Each structure stands twice: as C-alpha cells, then as structure tokens.
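Structure, as structure tokens:
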Amino acid sequence: MSEKPQNYPKIRIANTAKHKKSDTNPFVKNGKLYFYSPMKLPVLAKLLKVNETEIIKKLFLKGKIVTINNDLTNELIAEVCFDFDFDFELLEIEEDDDDLFNFSAIKDDPKDLVPRSPVVTIMGHVDHGKTTLIDAIRKSNITATEAGFITQAIGAYQRDVNGYKITFIDTPGHEAFTAMRSRGAKVTDIVILVVAADDGVMPQTKEAIDHARAAKVPIIVAVNKIDKVGVNPDKVKNELLAYNVISEEFGGDVIFQEISAKTGQNLEKLLDAIIATAEMLELKANPNRYAYGTVLEARLDRGEGPKATLLIENGTLTNKDFVVAGCAYGKVRRMTNEYNKMLKVAGPATPVQVIGLSEVPEASDQFMAFETEKEAKEIAEKRKQAKILSERQATGGVKLGEIHKQISDDEIIDVNVIIKADNSGSAEAVKASLEKINVKGVNLNVIRATAGTITESDVLLATASNAVIFGFNVRPTANVRDMAERSGIEIRLHRIIYALLEETEAAMKGLLKPELVEKVTGQAEVRQTWQVSRLGTIAGCRVTSGVVKNGQSCRLLRDGVIIYEGEIATMKHGQIDAKETHKGYECGMTLKNYNDIHEGDVIEGHEMVEVKTDVQ
C-alpha cells in the first residue's frame, strides 16, 4: 500500500468512551451525585454547591481532618452527601483495556467497510511442497535461503492476481497455526492443504485437517507433484474421503486442484480457486481507523532492537502510530514489507515488519495502534500486570466434572474431545461409542481420534480447542503431563471402554461422584537390563520425574503404550534395599512376575487417591 487512504483516519478506536478521563468525572443528575472514584474536596464542594469550609468543618467535628488538597475516600464522600441531604451512587469504572483487543466485539459501520484481501495459510506434511508452492506463487526463491530447505519461521507474503491481492502465511507446521488460535488469534481465512500425489495422506496431513477444522475455516486441497511420472491424484481424493474431506467431484464442498509447485502447472487455477472462495466469504475491513491485528513473528535484532512481523487485520497502520503488541509498546520507527521496502502506510490484510517496540512481543500476540505514547504505555503496563495475574489463575480447558455446570435450558454447549489409543481400531471404537452418547444440552465433538501416545501436539490442540484428552491404553510422558497441567488441560486415562463411556455420560448428566482417581507418583527410564537367574530381569533405571516407590503399583510403557501392569517387586541402590527413589537418582528394579523389559522402556509408579468431584 503506497498511498495514504482517503480521509484517514476517520475513526480512531483508541479513544473509546469508557477510556476517556472525562467519562470518569463525577456529575450530578436530578439531584443525585454519581461518582466513580475518590475526588478532591473542591470538586465535591462544587458539585454539591456548598462551601469547602463547611465540608471541612463538618468532618472536623467528627474527628476527621481533611484539607482542600486531600483525596476524599468513597466513605468520606458518602458521609458528606448524607450531611448535606444528597443522594449518591458509586459507579464502577469500566477500565478493562483488553476489551479493546477483543477484535470480535469491535463493530464497524457497514458503510465504512470495503472488500479486503484473503489471508491464506499453507499447511501439509513435511516435504510435500508447502514452501516450494509459496516460492512458485511469489516467483521468488525462498526455499533456497532456508536452513536445510525447511521452513524455520513464519513468513507472510502478498501476491497480486489480476489486481486482486492475496496474503499468504507460510508456517513451520500446524503447531504455529494452532498456537495462534490457542491465544485467541484467528488470522486465517482459508487453509491450503498441500498433499503430495506420490505420498498421499500422511500423519501431518491428518493433523493439518484437525487444526483447520477446529479453526472452522474452509479448506482447498492442492494435490502437488503431479509432474512426477506414474502418480495418481485420484488416490489422494479417495484417501481424504476417510477424513470427511470430500471433493466437489464426489458431491462434497472442498475444492481440489492438481498442481506442480515445481513446474508451475495449474498455479493460476489454484489462485482462481482462492479468489472464488474468498468472494463467497465476503471478507471486508475498514481502512479508515487505527490498525489492529496479530503478531506473526518477533525477534531481537542486534542492530535494530525488537523487530516484529505484524498482520494488519483491520484499519491502517502508519509509520507515525504508537503500537501496543502484547505487553510491548512503542512508536513505529520503520515499517517495511516482505521485500524490505519502506512503507508509510499499510492497510487491512497487509503483513509488515516494524521496529520501535519496547520489547520483543510473542508470536500470536494481538496488537493495536494508538494516538499517543502515553496511552500506549499505560495500556501495555496494564496488559503486563493482567498477563501475570491470568497466568497465575489459568484454568485451561474444560473439566469433565464441570460440564454439567455449563448446561442451561436454552443453550447447547460443545464439548471437544481428543482420543488417543494404542491402535487405530481402538481409537475408532472409542470415537464411535462416545458419539452415540446423547445428553440434552451437550454436543460432544471428537476433533481427533488417532493411535499413539499422548503428545505435546495433542495438548496444544486441546488448549486451542478447549478440549478434554482421553487416553485409552496409552500414557503421556512426564513432560507432556507437566505441559497439560500448566495449560489446565485434563487428561483422562482408561483401559476399559465402558468405564470411559460411563464416566463421560455421568459427567454430562452432572452425576459424576467422588471417586478414587489414579495419581502418578513418578516415572523411571530403563537405561540398562541384566538377566539374573534367581531374580529374572533387573532394570537399571534413572528416575526422570517425581518419586518411584518400592512395592507400589506400576506399569511398563513402551513408546507410550502400556505393556505391563503390576507391582515393583524389588528396588535397590547398589546392593542396599531402597524404599523409594527420587527424580535424578538411579536404582535397580524388578517387576513382579514380568521379565520382558527393554532399554528405553518407562516404569511408571502410581497410587489411588480420593478426589471429590464438585457436582450439583
């Protein structure tokens, strides 16, 4: 964007009514005093139309000494009002600066809205051609400049297609895409799912579908590498049917486009599909207001200080504006596009890089421009304090035992569930059984059901989607469990399917009773094994988390899957019997009636504790 928009800035959202100081001034209406906070004595005297000395005298006779320079407390103001027969009301100051950053609540006058460019995120399995596609679209050479030819950071680029601009975001994986949503940022309008025709659907393809679905954005499938000899693009269409990604050819609503990012074949058709989808979405923005949007990437540059890549979602940003990004603030000292060209102004759906912030914001932080540095600094400081408080009080995802509390007679709540099982058959069986549960007021939505141990990716998706994780015959590692606890994500673990179903249904009905719940005390990694004729297999272990106790109930995990459940038969420190071993220490262990222990296995100690579920 090279020219300043007409009449900019017509609307400035920085000075909203509830943040003007004049709006918090006390006033009298119909003989009643309305005030927000303590005030100076002369102000109160003027409002009540009485002499200042009279107020001082009345308070002095009550043993309360004040001067004209004192701030009167709310209690003293009320007392003075009683003395002079004035009615009064204390009003609350609506001063939640983060309301400004609730972009979904910001409403523009429809007459101020104009069509804006779509923001497109390209996702898919590693080495399926995501960045090569961006490279071809831009007719540049991004890939060759990347370490190991793998995307290392989020990039944002624009392409002009017959006068129609499209903004592309190239991510290093679905984690970055989801991390943005987990913090409230929805920056993508359309997802391009890149699937290589020679590979077909791969694990990260499935995960990309999960994340796009959770974000509720339309998907366009780009079947890549059709220039290769012997590939069958129809194979991709058929494989994606299993994930309910159905092409228009098969009666679905998903656009499939066969392309070659390497040769450029059918790229224009893919761009036309993006434009057609964007037109159906009727994307609009108001360029005549202060800008707001999302931080895509941020880093500390040795020469220039904090540097951030911003995606402007609405409004226009100038190189003279003051910006709050997360808890950082500052004046835009320089603004450039992806070609490092200096910009004076940038409009909606434009990615820009700016310098001038007080500190490095976090990727996915939301930003907003303001009129003065003072205002930006005050709001940044308040956001910093609010962030510290929210991190202390973070509750994370939905808790199974609290589902019933959210149900009302006239509203249906969505409960998102992630299922991880020891094999795909079990995952599908658990999914099908859960989806059959029918409780009024609850819509249970399985957003992922796959085989394998519970991973950090699952916790990240649960955080973004406010989901509960069910593990069936699998266990999380200590790191994953810690991550879930920090994020407030509940992980429910089961080995019997009907117990899982009964627990879920009871939670939905508000009938979940106090119960004995398993608590993991610690985990130990098997570093070495020895065979001893009279004892069997001895596992030389290092405790990696918590504490593992001799004689306690335990399980043996291999790649996150439960292989054995029983008890720890013996535990020694050298030649000495030990009662327990704490994190960071080593020990030798044997398991009761079990000898098939391998290096790399994990022995997990656990015990049962009573947990009272708060239900009504």
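Computed from heavy atoms alone, side chains included, the values below leave out hydrogens, waters and symmetry copies. The structure presented is a predicted model; accordingly, all values stated were derived computationally and were not measured.
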Would you indicate whether [X], at its atom [atom1], is surrounded by more than 12 heavy atoms from other residues, nucleotides or ligands within a distance under 6.0 Å?
| X | atom1 | result |
| --- | --- | --- |
| Tyr585 | OH | no |
| Asp559 | CG | no |
| Leu300 | CG | yes |

For the side chain of [X] and the backbone of [Y], is there at least one donor-acceptor N/O pair under 3.5 Å apart?
| X | Y | answer |
| --- | --- | --- |
| Arg527 | Cys541 | no |
| Asn224 | Val194 | no |
| Ser358 | Tyr329 | yes |

Nearest-0.5 Å distance that lies between atom [atom1] in [X] and atom [atom2] in [Y]:
| X | Y | atom1 | atom2 | answer |
| --- | --- | --- | --- | --- |
| Cys587 | Met589 | SG | CE | 4.0 Å |
| Phe470 | Asp458 | CZ | CG | 14.0 Å |
| Ile454 | Ile419 | CD1 | CD1 | 11.5 Å |
| Glu505 | Asn438 | CD | CG | 9.0 Å |

Would you call [X] and [Y] a salt bridge, taking side-chain N to carboxylate O under 4.0 Å as the test?
| X | Y | value |
| --- | --- | --- |
| Lys549 | Glu567 | no |
| Lys592 | Glu565 | no |
| Arg492 | Glu503 | yes |
| Glu297 | Lys307 | no |

Between [X] and [Y], is any side-chain donor less than 3.5 angstrom from a side-chain acceptor?
| X | Y | answer |
| --- | --- | --- |
| Glu313 | Thr294 | yes |
| Thr590 | Thr570 | yes |
| Gln531 | Thr537 | yes |
| His573 | Thr581 | yes |

Handout entry: Worked check of salt bridge (Lys or Arg N to Asp or Glu O under 4.0 Å) between Arg475 and Glu604
Key = CA-CA 9 Å; Arg475 314 290 300 182; Glu604 183 178 79; 3.0 Å; yes
Do you know which two heavy atoms are closest between [X] and [Y], and how far apart they sit?
| X | Y | result |
| --- | --- | --- |
| Pro218 | Asp189 | CD-O, 3.2 Å |
| Ala467 | Ile447 | CB-CD1, 4.3 Å |
| Val254 | Ile219 | CG1-O, 3.4 Å |
| Val459 | Ala484 | CG1-CA, 3.9 Å |
| Ile437 | Leu501 | CD1-O, 3.9 Å |
| Trp530 | Ala539 | CZ3-C, 4.3 Å |

Exercise for the section: Evaluate salt bridge (Lys or Arg N to Asp or Glu O under 4.0 Å) for Lys384 paired with Glu359, printing each intermediate quantity in order. Expected result: CA-CA 12 Å; Lys384 184 176 289 188; Glu359 60 186 76; 3.1 Å; yes
Close side-chain approach of [X] to [Y], heavy-atom, < 4.5 Å:
| X | Y | answer |
| --- | --- | --- |
| Leu193 | Ile220 | no |
| Val295 | Glu362 | no |
| Val191 | Val120 | no |
| Val415 | Asn445 | no |
| Ile563 | Tyr594 | yes |
| Leu241 | Ile246 | yes |

Exercise for the section: Show the numbers, then the answer: is there a salt bridge (Lys or Arg N to Asp or Glu O under 4.0 Å) between Glu525 and Arg542? Expected result: CA-CA 5 Å; Glu525 182 183 347; Arg542 183 178 182 85; over 6 Å; no
Practice task
Can you sort out the partners of Glu580 under salt bridge (charged side-chain N to carboxylate O under 4.0 Å, His left out), two or more places apart, ordered by chain and number?
Solution key: none
Handout entry: Set of residues satisfying salt bridge (charged side-chain N to carboxylate O under 4.0 Å, His left out) with respect to Asp577, sequence neighbours excluded
Key =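 Partners of Asp577 by the salt bridge (charged side-chain N to carboxylate O under 4.0 Å, His left out) criterion, ordered by chain and then number, come out as Lys572.
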Handout entry: Residues Ile137, Phe168; criterion side-chain contact (heavy atoms from CB on, under 4.5 Å); working and verdict
Key = CA-CA 9 Å; Ile137 290 172; Phe168 291 92; 3.7 Å; yes
